[in-house]
J.: 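The structure's right below; bear with me while I get my questions together.
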Amino acid sequence: MRFHALVEVRLRAGIADPQGATLERALPALGFESVEGVRVGKAIRFDVDAFDEAAARAEIDELCRRLLANPVIEEADVSISPEPGSMAAGGRAG
Amino acid sequence: MSGRVGVVVFPGSNCEHDVVEAIEGLGGDAELVWHGARSVAQVDALVLPGGFAHGDYLRPGAIARFSPVMDAVRSFAADGGLVLGVCNGFQVLTEAGMLPGALQKNRHLRFLCTTVSVRIERSRSFISRLARPGTVLRLPINHFEGNYTCEPETLAELRAEERIVARYCDNPNGSIDDIAGITNEAGNVVGLMPHPERAYDALLGSSDGAILLRTMVEPPRGRSRAATAEAGATPGPAGSRLV
């Protein structure tokens, strides 16, 4: 099956995020008075062929651990969704 | 005999010729080593220079760490070979797990290009072998991601094991504990944010970096790679260090 993956990488809690802090300080000047807790990160999208969602998640977790996030300062959230129609096509990696 | 220093060139490195110039200016021999090389034989020391290896894409050093040469760098270091990462090279060494911690964006998101005072600390690193602890050096810095950080336990280890090589006298980038450079447990792998190669001769405004780089040009007697390889071959106490 083919899965769409979205990996959000952000700085861990407690790690200073000067980009987020600067944005947050700028917002009141635009009239956004009630926004707080701004954190800036990265979004990385890609597709994965895997037997099932668990296999896809295991592969993506490994990819995050080895490359996409630096565990000293960052953490990653992974969202996975099956490609519509991918199951019906028989699953290339199955 | 003068030391032969290999200078690793990644796509996007830009300080390799400065390092070659400095090493040769101090009487050593230097050669460039392309990042695709699978061996680093015939050198006494290695420098990972400054720049933007692989464009610094994702994070500085994140891709460089997978360059073929890094396996050779890793085994060279495991054999006791001297490895110095300067600036981007320091970032590569942390991403490769050869040094602990990480280098974040500078405090206030400010790119820094200036000359700073750095105090040499008492440490087990090879790079400060010729410098008395407490010596203050004027060295150029030139970085956006030089804000060193690590877990509190790691910092405690670095302090207890005398692995902090140098501290900024006036912290320019937000680095934890004013850290400008650290070394590994064995003292043979060093990361420095300041650029000693840009201060090896008075003509450049400062020759303060020479005292650091000379440690690679003049390997100490009995600590050459050949000597450590021999020492490693004879049975010794478990956990004995090569350097």
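As the structure is a computational prediction, the values presented were derived from the model and not from experiment. Proteins get letters first, then strands, A, B, ... in listed order; numbering begins at 1 in each.
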J.: Tell me, for A:I73 versus chain B, whether the close heavy atoms (under 4.5 Å) come from the side chain, the backbone, both or neither.
T.: side chain
J.: Once you round to the nearest 0.5 Å, how far does CG of B:N188 lie from CG of B:D79?
T.: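 Rounded to the nearest 0.5 Å, the CG-CG separation comes to 9.5 Å.
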J.: We want to know whether B:H143 and B:N173 form a side-chain donor-acceptor pair, criterion being a heavy-atom distance below 3.5 angstrom.
T.: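 There is such a pair (donor and acceptor under 3.5 Å, judged by atom type) between the side chains of B:H143 and B:N173.
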J.: For A:P18, does its backbone N or O pair with a side-chain atom of A:T22 as donor and acceptor, under 3.5 Å?
T.: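 Yes.
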J.: Measure A:Q19 against the heavy atoms of chain B and call it side chain, backbone, both or neither at under 4.5 Å.
T.: both
J.: Can B:R159 and B:D177 be counted as an ion pair, charged N to O under 4.0 angstrom?
T.: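 Salt bridge between B:R159 and B:D177, a charged N being under 4.0 Å from a carboxylate O: yes.
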J.: Does this structure show an ion pair linking B:D178 with B:R119, if we count only N-O contacts that are shorter than 4.0 Å?
T.: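 Result for this pair is no, no salt bridge flagged.
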J.: At a 4.5 Å cut-off on heavy atoms, which part of A:I44 comes close to chain B: side chain, backbone, both, or neither?
T.: side chain
J.: For B:H35 and B:S13, does a side-chain donor sit closer than 3.5 Å to a side-chain acceptor?
T.: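 No pair is found: no donor N or O on one side chain lies under 3.5 Å from an acceptor on the other.
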J.: Taking atom CD of A:E59 as the centre, does the number of heavy atoms from other residues, nucleotides or ligands within less than 6.0 Å exceed 12?
T.: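 Open: at most 12 neighbouring heavy atoms sit under 6.0 Å from CD of A:E59.
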J.: Counting only heavy atoms closer than 4.5 Å, note whether B:R107 contacts chain A via side chain, backbone, both or neither.
T.: neither
J.: Quick check: under 4.5 Å, non-hydrogen atoms only, which of residues 91-104 of chain B neighbour chain A?
T.: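 Hits under 4.5 Å: B:E95, B:G101, B:A102, B:Q104.
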J.: Taking NZ, NE, NH1 and NH2 as the nitrogens, is one of them in A:E8 or A:K42 under 4.0 Å from a carboxylate oxygen of the other?
T.: no
